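Within every chain, numbering begins at 1; the chains are lettered A, B, ... in the order of the sequence lines, protein sequences first and strands thereafter. What you see is a predicted model, and the numbers here were worked out from it, not measured in a lab.
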Amino acid sequence: MILDLHTHSVKSDDGRAKVANYGQWIRKKEIPIDGFVLTEHRQFDAESDYSDLARKHGLIILKGSEVETEYGHVLVFGVTPALQQAFDFSDIRLPLARVLEACEEHGAVAAPCHPGRTRVGMCAHVDELGVPPGVRMVETLNGGSRGSEDQAAQALAEQQGYKGFGGSDSHIVSHVGRCATRFPGPIASESELVEALRALDFEALSWKAPS
Amino acid sequence: MTRGFDDVEFGEDLPELRPDTSVANVTLFTKAAGMFTGRFTDHEAARKQGLPGAIVPGIMSQAIFAAMIHRWAPEAELQTIDTVFRAPVIVDQPHRVTGVVTDMDDETRSVEIDLTLQNEAGETRVLGTATVRLP
Amino acid sequence: MMDLEELKGDWLNLDFDEREFEVKPDEAVDFARAAGETAPRFLDPSDPDFQAPATFTARFHGRRLLPEEFPKIGLPLDAGKAVMPKRPLRAGAKLIGKSHLHEIYEKTGRSGRMIFLVSRMELFEGQELVSIVDSRMVIREKPGS
């Protein structure tokens with residue numbers, strides 16, 4: 001199963017894509033993914049129910065979040081009401097250690113995204129802050145990153161022994177599925193996604209034009 | 001040629017535009033836009049300001065997006081155009097502008113278009129969305 | 001560090017600038033031509049439907065980017081622009097642009113907090129709203145500000 005693990009909709013301040021259009025686009029353009037995870041900035045969208053849309057388009061539509069830490073941006077998968085109480089998703093100065101610990105405690109997974117980006121990625125902070133304990137995976141293929149930024153992410157993953165995953169980081173409809181992650185088995189829910197990520201058996205994929 | 005709402009399909013690509021980013025053309029634009037600074041029209045002056053070269057003004061990229069839409073649908077009425085300037089667009093370098101229809105509203109006969117301006121390396125320098133009403 | 005809620009309470013939705021502008025036909029034509037417009041309604045002042053391109057209002061800016069007393073938290077950089085035209089801009093139109101801060105929000109950056117400000121200019125011809133221009137600015141907050 002192939003999932004785009006990093007997408008934004010109009011629920012994010014800088015997102016311009018409607019979820020319905022993502023579904024329509026994936027089918028119309030035959031994007032080779034089976035679904036996507038909405039990772040809205042600094043929030044968990046508990047209200048929206050995309051199950052009808054998912055059925056209509058035959059896609060898996062899951063929800064996560066993208067939070068902000070001293071090591072840059074971090075995707076959170078498997079958000080539960082208890083995890084939402086554990087830290088303030090809207091805080092832009094979250095300690096990464098706290099996010100990792102809370103995710104571990106509440107059956108979720110936290111994973112730094114676009115680590116090679118100059119301003120919001122983990123690589124830029126490692127020299128100053130040291131290698132953070134507890135990270136097991138990072139986004140090595142990001143649809144919005146330049147080739148050199150993905151290369152920096154891959155180098156970090158190699159050095160530290162992190163597993164790499166992929167996500168498009170789409171903010172507009174036509175960018176969904178530019179990068180994604182292949183899992184060996186089916187995934188139909190957030191908890192199954194967490195299980196699959198914790199197994200560390202996945203592969204990052206990209207359909208971006210080389211740059 | 002009129003392109004009406006009924007002629008458009010979800011997912012349709014607009015014809016790609018290769019914008020004229022020459023110093024002469026950017027100078028024409030900046031004069032019309034009242035932007036009198038060397039960073040747009042003089043590579044040397046721009047480098048002195050720490051830029052990689054003279055840069056195309058963000059509002060020129062936005063106007064180029066609008067022109068691409070009008071070339072595709074001459075009677076299109078722009079309702080909104082929202083552009084994000086992600087990285088400098090360097091003057092005198094070749095770029096390509098693309099657009100694709102990503103939403104259609106039968107009731108208002110309007111369509112939403114994703115817009116991107118990329119450099120030769122395929123890096124997106126400016127992106128945006130527009131909503132246009134069609135006859 | 002600047003308290004964002006305080007900033008919003010003090011500065012959002014208050015008009016801080018008002019300025020007159022004119023849609024000059026020669027400027028509108030050059031603006032359109034340089035952008036790559038080909039339709040006579042943008043290029044030929046004798047066309048019965050002659051008008052400035054809808055994004056022409058993005059060239060208008062007030063006397064100041066931010067309110068005069070706005071805290072000096074760093075240098076504002078251009079992060080994006082949105083235009084919402086309400087009707088065609090005819091040659092010679094005299095417009096009044098009124099500016100206010102429409103949105104304030106924050107994000108993290110490598111060297112600290114980035115504050116995003118959306119300055120909205122509403123352009124009127126007489127009493128009629130003809131265009132809205134949102135200018136998105138990002139300020140990388142100076143340490144200790």
S.K.: Given heavy-atom pairs under 4.5 angstrom as the criterion, report whether the side chain, backbone, both or neither of C:A79 touches chain B.
M.R.: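 Only the backbone of C:A79 comes within 4.5 Å of chain B.
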S.K.: What option among B:V26, B:T30, B:L78 has the most heavy-atom pairs under 4.5 Å with chain C?
M.R.: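 Highest number of heavy-atom pairs under 4.5 Å: B:L78.
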S.K.: Flag the pair C:H100 / C:F16 as yes when their ring centroid distance falls below 6.0 Å, and as no otherwise.
M.R.: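 No, the ring of C:H100 stays outside the 6.0 Å limit from the ring of C:F16, centre to centre.
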S.K.: With only heavy atoms counted, which part of C:F60 is less than 4.5 Å from chain B, the side chain, the backbone, both or neither?
M.R.: neither
S.K.: Would you say the side-chain atoms of B:D105 pair up with the backbone N or O of B:R109, donor to acceptor, closer than 3.5 Å?
M.R.: no
S.K.: Tell me, out of C:R136, C:K81, C:K86, C:R33, who's got the most heavy-atom pairs with chain B below 4.5 Å.
M.R.: C:K81
S.K.: Hey, are C:E6 and C:K8 close enough for a salt bridge, meaning a charged N less than 4.0 Å from a carboxylate O?
M.R.: no
S.K.: Taking C:G36's backbone N and O only, do any of them form a donor-acceptor pair with B:R71's side chain (distance below 3.5 Å, no angle check)?
M.R.: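 Yes; at least one donor-acceptor contact below 3.5 Å.
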S.K.: Using a strict cut-off of less than 4.0 Å between a Lys/Arg side-chain nitrogen and an Asp/Glu carboxylate oxygen, indicate whether B:E120 and B:R96 qualify as a salt bridge.
M.R.: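 No, no charged N to carboxylate O under 4.0 Å.
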S.K.: Name the one of B:D114, B:T116, B:D13 that satisfies side-chain hydrogen bond (donor to acceptor under 3.5 Å, both in side chains) with B:T98?
M.R.: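 Of B:D114, B:T116, B:D13, side-chain hydrogen bond (donor to acceptor under 3.5 Å, both in side chains) with B:T98 is met by B:T116 alone.
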S.K.: Please flag which part of C:P53 lies under 4.5 Å from any non-hydrogen atom of chain B: side chain, backbone, both or neither.
M.R.: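 When you check distances to chain B, no heavy atom of C:P53 falls under 4.5 Å.
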S.K.: Quick check on the interface: out of B:I81, B:I59, B:T80, B:L17, who has the most heavy-atom pairs with chain C under 4.5 Å?
M.R.: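 Ranked by heavy-atom pairs under 4.5 Å with chain C, first place is B:I81.
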S.K.: Can you tell me which portion of B:A76 sits under 4.5 Å from chain C's heavy atoms? Options are side chain, backbone, both or neither.
M.R.: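 Backbone of B:A76 only, per the 4.5 Å heavy-atom cut-off to chain C.
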S.K.: Name the region of B:P74, side chain, backbone, both or neither, that has any atom closer than 4.5 Å to a heavy atom of chain C.
M.R.: backbone
S.K.: Cation-pi check, C:K94 to C:F21: give yes when NZ or CZ is under 6.0 Å from the six-membered ring centre and within 45° of the ring axis, no otherwise.
M.R.: no
S.K.: Counting heavy-atom pairs under 4.5 Å with chain C, which one of B:T27, B:N25, B:I69 comes out on top?
M.R.: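 Looking at each of B:T27, B:N25, B:I69 in turn, B:N25 comes out on top.
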S.K.: Out of C:V83, C:D30, C:T55, C:D26, return the one with the most heavy atom pairs under 4.5 angstrom to chain B.
M.R.: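 Ranked by heavy-atom pairs under 4.5 Å with chain B, first place is C:V83.
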